[in-house]
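What follows is a short report on a single structure.
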Amino acid sequence: MGNNEKEFVKEVTPQNVDFSQWYLDLVLKTELMDYAPVKGCMAIRPYGYAIWENMQHLLDKRIKATGHKNAYFPVFIPQSLLEKEAEHVEGFAPEVALVTRGGNEKLAEPLVIRPTSEAIICSMYAKWIQSWRDLPLLINQWCNVVRWEKNTRPFLRTSEFLWQEGHTVHSTAEEAEEEARKMLDVYKDFVENELAVPVISGAKTEREKFAGALRTYTIEALMADGKALQAGTSHNLGQHFAKGFEITFLDKDKQLKYAWQTSWGVSTRLIGAIIMVHGDDRGLKLPPRVAPVQVVVVPIITKKKREEVLRRCRELLGELPAEVRVELDDREGYSAGWKFNEWEMKGVPLRLEVGPRDIEAGGASAVRRDNGEKSFIRSEDIPGKIQVLLKDIQDNLFRQALEFRESNTHRVNSYEEFQQLLEEKKGLFQAFWCGDLHCEEEIKNDTKATIRCIPFGKEDENGPCLYCGREGGKMVYLARSY
RNA sequence: CGGGGCGUGGCGCAGCUUGGCAGCGCGCUUGGUUUGGGACCAAGAGGUCGCGGGUUCAAAUCCCGCCGCCCCGACCA
């Protein structure tokens with residue numbers, strides 16, 4: 001190990017110098033993305049897309065395991081459809097992209113490029129649902145959406161992004177509520193166990209909820225710079241859209257009723273979360289479960305032992321369990337040291353070094369990305385040990401992120417204390433809030449911090465409102481956020 | 001949309017004040033020597049200086065306009 005971190009990573013700004021620049025340097029240098037010629041749009045490069053594909057696979061399994069089926073709806077939404085739910089159109093109007101021409105002809109009605117698909121999907125659901133027997137209807141879609149953003153950042157906020165959106169219809173309010181909560185739990189399980197990102201789940205305030213929803217639930221994560229990130233949302237839409245789109249069904253009691261709905265989504269933003277939760281000055285640290293390359297084998301080639309080393313490396317690939325994503329870096333012209341730094345920057349969880357000395361000793365050297373620990377593994381132990389190490393790295397990343405979050409969560413009792421700590425320490429803040437919109441807005445105006453969520457399981461804890469001091473306030477988490 | 005900063009080979013920058021052959025480092029290509037924490041030598045390739053006007057014998061450099069990107073705010077997955 002060298003004595004100076006900077007020797008290892010060139011051209012990536014250190015986090016403590018400029019976190020934002022660190023992030024931007026990293027996404028470009030590691031070839032996760034590149035800027036495209038359209039404002040706020042990016043090309044997701046193969047290395048970045050591979051992370052998304054792994055995430056898709058793992059989440060899609062969970063979505064299907066909870067009874068949902070995938071489908072696809074059009075990217076174009078007739079403008080009039082978007083306008084059928086008042087709050088919804090008001091919320092999204094400022095950021096819709098509109099198509100007014102098709103070929104050489106002006107369109108009779110402009111088409112909105114979907115910012116989210118409630119409108120187009122509800123218009124279809126209205127046709128598909130007549131009876132209680134048609135319910136629940138549980139559909140998910142993987143697609144792109146477009147929101148004309150002013151302030152964009154790779155993965156965190158882009159004009160176009162990839163996501164999944166679930167849209168379900170139920171016959172009772174209770175069932176819709178249960179669904180919205182269940183899918184939030186699915187997200188929490190997915191994000192914590194696959195991405196190793198700890199999240200706090202809870203409800204959004206009225207002010208922060210989705211345009212058109214009855215209630216919005218959220219999972220919130222804390223980034224390494226002390227800012228919070230909304231990592232996923234699940235909405236109980238109530239009957240708002242059902243009424244706007246005439247989604248009705250004849251119930252068992254022979255009454256015609258409006259249906260109850262939910263929608264829920266996570267996006268490529270989660271890639272940003274992985275970067276900002278786990279990364280360090282040497283680059284990305286990808287959780288093994290979603291890393292495109294879990295193990296990189298780096299041959300230490302010397303002139304005399306060149307063929308022997310390469311042969312042993314190729315053998316090793318065949319000995320590893322088939323499910324391990326492994327890559328042999330046998331590129332010529334790059335020194336071993338250069339490759340070490342490159343793969344560390346790209347966040348590969350585990351590196352196996354195979355050189356003459358390792359072969360001599362009957363094994364390979366393993367180096368973990370999460371903590372830099374180096375160990376020698378005998379050849380016969382490699383297949384089993386690799387799996388153990390990857391599991392341990394995954395767990396360790398989660399543990400470290402959780403510890404970071406806990407040591408950066410502060411309980412505050414006064415507004416002055418809150419404002420002071422917010423400047424000094426950043427992070428998440430626990431406090432009480434009376435529920436008044438006025439207090440919520442004043443806090444935001446004063447501090448730039450928002451109420452991230454009203455956490456589940458803390459309903460019994462009550463106290464004086466952070467802002468107005470009124471007793472009986474609910475426990476909330478506050479933070480500055482992305 | 002307001003405030004600030006920046007646009008010069010792929011990347012990072014110098015040159016601009018005081019107009020006069022478009023440079024440096026890294027990367028890239030080829031050949032050779034190397035390879036246990038970002039190797040070395042040699043020979044090469046690569047630029048409408050963000051875009052459009054203007055001033056001038058002459059513009060990366062001066063003037064006007066526009067565009068893009070980044071940072072900080074208002075709005076948001």
Side-chain angles (χ1 to χ4, degrees), chain A residues 1-13 18-21 23-25 28-29 34-40 90-96 115-116 144-165 187 204 207-211 216 218-220 229-235 263-273 282 298-306 309-310 330-345 351 353-361 364-365 367 372 374 376 444-445 448 450 480-482:
Chain A
M1 281 292 177
N3 49 12
N4 185 351
E5 289 282 318
K6 283 178 190 155
E7 288 174 16
F8 296 99
V9 184
K10 294 172 181 172
E11 296 156 41
V12 175
T13 307
D18 185 343
F19 190 86
S20 183
Q21 194 59 51
Y23 178 85
L24 295 168
D25 287 349
L28 285 165
K29 287 287 294 178
D34 198 0
Y35 291 105
V38 182
K39 158 85 173 161
E90 195 189 329
F92 281 102
E95 50 187 18
V96 296
T116 178
N144 62 335
V145 288
V146 168
R147 298 182 186 177
W148 214 252
E149 298 286 351
K150 286 163 184 154
N151 212 348
T152 58
R153 273 155 90 61
F155 296 111
L156 299 174
R157 176 168 299 104
T158 45
S159 297
E160 179 190 18
F161 58 93
L162 306 182
W163 76 347
Q164 63 58 224
E165 47 180 328
Y187 285 159
K204 282 291 186 190
R207 186 181 179 282
E208 301 276 332
K209 73 173 192 191
F210 174 75
T216 289
T218 179
I219 50 174
E220 298 283 325
L229 181 78
Q230 178 174 308
T233 49
S234 181
H235 316 291
S263 68
W264 26 273
V266 300
S267 72
T268 36
R269 167 180 273 190
L270 287 175
I271 294 173
R282 293 168 78 153
V298 179
I300 313 296
I301 297 166
T302 57
K303 194 174 179 183
K304 280 149 273 178
K305 305 276 181 143
R306 190 175 178 282
V309 167
L310 286 174
D330 57 0
R331 288 176 295 174
E332 305 278 349
Y334 289 91
S335 69
W338 193 93
K339 290 176 182 177
F340 296 166
N341 285 290
E342 162 119 326
W343 289 110
E344 276 172 11
M345 186 172 72
R351 176 172 78 241
E353 301 172 15
V354 179
R357 293 210 294 269
D358 299 291
I359 293 172
E360 183 88 13
S365 301
V367 182
K374 188 165 185 170
F376 180 79
K444 188 179 178 189
N445 289 339
K448 316 293 179 212
T450 50
R480 291 196 178 129
S481 69
Y482 279 98

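Every chain is numbered from 1, with letters handed out A, B, ... down the list of sequences. Because the structure is predicted, anything quoted here is derived from the model rather than measured. Quick note: numbers below take in every heavy atom, side chains included, and nothing from hydrogens, waters or symmetry partners.
Residue-to-nucleotide contacts include a donor-acceptor pair under 3.5 Å from the side chain of A:Ser267 to the base of B:A77.
Heavy atoms of A:Gly355 sit under 4.0 angstrom from at least one base atom. A:Asp18 comes within contact range of no nucleotide atom at all, as no heavy-atom separation falls under 4.0 Å. Using a 4.0 Å heavy-atom criterion, one finds that A:Thr158 contacts the bases of the nucleic acid, with or without backbone contacts as well. Among the atoms of the strands shown, base atoms are found under 4.0 Å from some heavy atom of A:Glu353. Among the protein residues, A:Thr268 comes within range of no part of the nucleic acid, since none of its heavy atoms lies under 4.0 Å from any strand. Within 4.0 Å (heavy atoms only), A:Lys39 reaches sugar-phosphate atoms of the nucleic acid but no base atom. Using a 4.0 Å heavy-atom distance criterion, A:Arg351 is classed as a base contact. Among the atoms of the strands shown, none is found under 4.0 Å from any heavy atom of A:Leu229. Across all strands shown, A:Tyr35 has heavy atoms under 4.0 Å from sugar-phosphate atoms exclusively, and none from any base. If you check every strand for non-hydrogen atoms under 4.0 Å, A:Pro299 touches nothing. Contact annotation for A:Lys305: no contact, since no heavy-atom pair falls under 4.0 Å across all strands.
By the 5.5 angstrom centroid cut-off and the 30-degree plane limit, A:Trp338 is classified as not stacked against the base of B:G37.
Of all heavy-atom pairs between A:Thr302 and A:Pro356, the closest is OG1-CG, 3.9 Å. Across all their heavy atoms, A:Ala211 and A:Gly91 have their closest contact at CB-CA, 3.8 Å.
Counted by atom type alone, A:Ser20 and A:Arg153 present one or more donor-acceptor pairs between their side chains at under 3.5 Å.
When distances run from any side-chain atom of A:Leu24 to the nucleotides B:A77, B:C70, B:G36, the shortest one goes to B:C70. The side chain of A:Tyr334 approaches B:C28 more closely than any other nucleotide in the set B:A74, B:C28, B:G38.
Each of A:Arg153 and A:Gly232 has a nearest nucleotide on RNA chain B; the 5'-most of these lies closest to A:Arg153. Residues A:Gln230 and A:Gln21 each lie close to RNA chain B; by heavy-atom proximity, the contact nearer the 5' end of the strand is made by A:Gln21.
Distance noted for atom C1' between B:U61 and B:G4: 24 Å (whole Å). Taking atom P in both B:C76 and B:G10, the straight-line distance is 40 Å, to the nearest Å. Comparing the P positions of B:G31 and B:G36 gives a spacing of 22 Å, expressed to the nearest Å. Nucleotides B:U18 and B:C63 have their P atoms positioned 10 Å apart, rounded to a whole Å. B:C28 and B:G68 have their C1' atoms separated by 26 Å, given to the nearest Å. A gap of 14 Å separates the C1' atoms of B:C13 and B:A60, to the nearest Å. Distance check on atom P: B:C40 versus B:U35 gives 14 Å, rounded to whole Å. For the P atom pair drawn from B:G46 and B:U30, the interatomic distance equals 16 Å after rounding to whole Å.
Note: A:Phe161 and A:Trp163 have perpendicular aromatic rings, judged against thresholds of 30 and 60 degrees for the angle between ring planes.
Note on A:Lys303: every side-chain N or O is 4.0 Å or more away from OP1 and OP2 of B:G32. The phosphate of B:C71 (OP1 or OP2) has a side-chain N or O of A:Ser20 nearer than 4.0 angstrom. Residue A:Ser335 places no side-chain N or O under 4.0 Å from the OP1 or OP2 atom of B:U35.
Shown here, B:G7 forms a base pair with B:C67; the pair counts as Watson-Crick or G-U wobble because both key distances fall under 3.5 Å. Nucleotide B:C75 is matched to nothing when pairs are restricted to Watson-Crick or G-U wobble geometry with both distances under 3.5 angstrom. If you check B:C57 for Watson-Crick or wobble pairing at under 3.5 angstrom, you find it paired to B:G20. Nucleotide B:C28 is matched to B:G44 when pairs are restricted to Watson-Crick or G-U wobble geometry with both distances under 3.5 angstrom.
A:Glu208 has no carboxylate O lying under 4.0 Å from a charged side-chain N of A:Lys444, or vice versa, which leaves the two without a salt bridge.
If you measure from atom CD1 of A:Ile300 to atom C1' of B:G36, you get 5 Å, rounded to the nearest angstrom.
Sorted by first then second residue, the salt bridge (Lys or Arg N to Asp or Glu O under 4.0 Å) pairs that include residues 156-165 of chain A, not counting sequence neighbours, are A:Glu149-A:Arg157.
For the side chain to side chain donor-acceptor pair (under 3.5 Å) criterion with A:Thr216, the lone passing option out of A:Lys204, A:Lys209, A:Gln230, A:His235 is A:His235.
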